[in-house]
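Keep in mind that this is a model prediction, so the values were computed, not measured.
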Amino acid sequence: MSFAHTASSWKAAQRLARSSSNTLAAGERHPLACSLLIPLQPNLGIAKDSMDASLPDYLIREQAAVGALVTFGFLRVLAAAVAFTRGWRIGWVEYAMIGASALWCAPQLIALVANPSSVAAFAELEGNAIGCAIALFFAPILSHRLGYE
């Protein structure tokens, strides 16, 4: 299914849902609009008619880990390059990156403290912590290979 076909069927479903909203009861969906939207939903083992279903925790964890890994890997190499050109000590860059990674994980930690049974907050906190740890371990190796340390 091409992107143009997906976008056009999505727009057609939205138009259909808007045009027929006058004849349907509150909270009711048009069956044709629902049937047009079903092929667009990925098969994640989630009920297709449930609008309030969340992503599985392993996907949240993986996305958070990759995001933190890319962000802190890039920031650490960039900070090492800036520190090298300005003559700063590389130890201060390490401390700054550790502090930044703690601030990066703070919102999920606060959400987990506020709601200890939240699976999504725990999965996102795990992913962020793992991504930050991997980035802060391997980024100095890359910085050294590039000649910044």
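- Rounding to the nearest 0.5 Å gives a distance of 12.0 Å between CD of E124 and CG of L109.
- Counting heavy atoms from C-beta outward, F122 and D57 have side chains that stay 4.5 Å or more apart.
- Following chains of ILVMFWY side-chain contacts shorter than 4.5 Å, one can reach I98 starting from F72, so the two form part of one hydrophobic cluster.
- The minimum heavy-atom distance between V93 and A80, with the atom names listed, is CG1-N, 4.3 Å.
- In terms of heavy-atom proximity, T71 sits nearest to G67 at OG1-O, 2.7 Å.
- Summarising the geometry of C132 relative to C105, their closest heavy-atom pair is SG-SG, 4.4 Å, with the distance given to 0.1 Å.
- For the atom pair CD1 (I110) and CG (N115), the distance works out to 14.0 Å, reported to the nearest 0.5 Å.
- Annotation: the span from L125 atom CG to W104 atom CH2 amounts to 13.5 Å, rounded to 0.5 Å.
- Here CG of L136 is found 9.5 Å from CG of L69. Values are rounded to the nearest 0.5 Å.
- Under the 4.5 Å side-chain criterion, counting only non-hydrogen atoms from C-beta, R76 is in contact with E94.
- Distance check: M97 CE to W92 CH2 gives 14.0 Å after rounding to the nearest 0.5 Å.
- Hydrophobic clustering keeps I134 apart from V66 (ILVMFWY residues linked when any side-chain heavy atoms are closer than 4.5 Å, directly or through intermediates).
- V82 and F74 are members of different hydrophobic clusters when ILVMFWY side chains are connected at heavy-atom separations under 4.5 Å.
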Give the C-alpha distance, both sets of side-chain angles, the deciding distance and a yes or no for side-chain contact (heavy atoms from CB on, under 4.5 Å) between I90 and F84. CA-CA 8 Å; I90 203 68; F84 180 74; over 6 Å; no
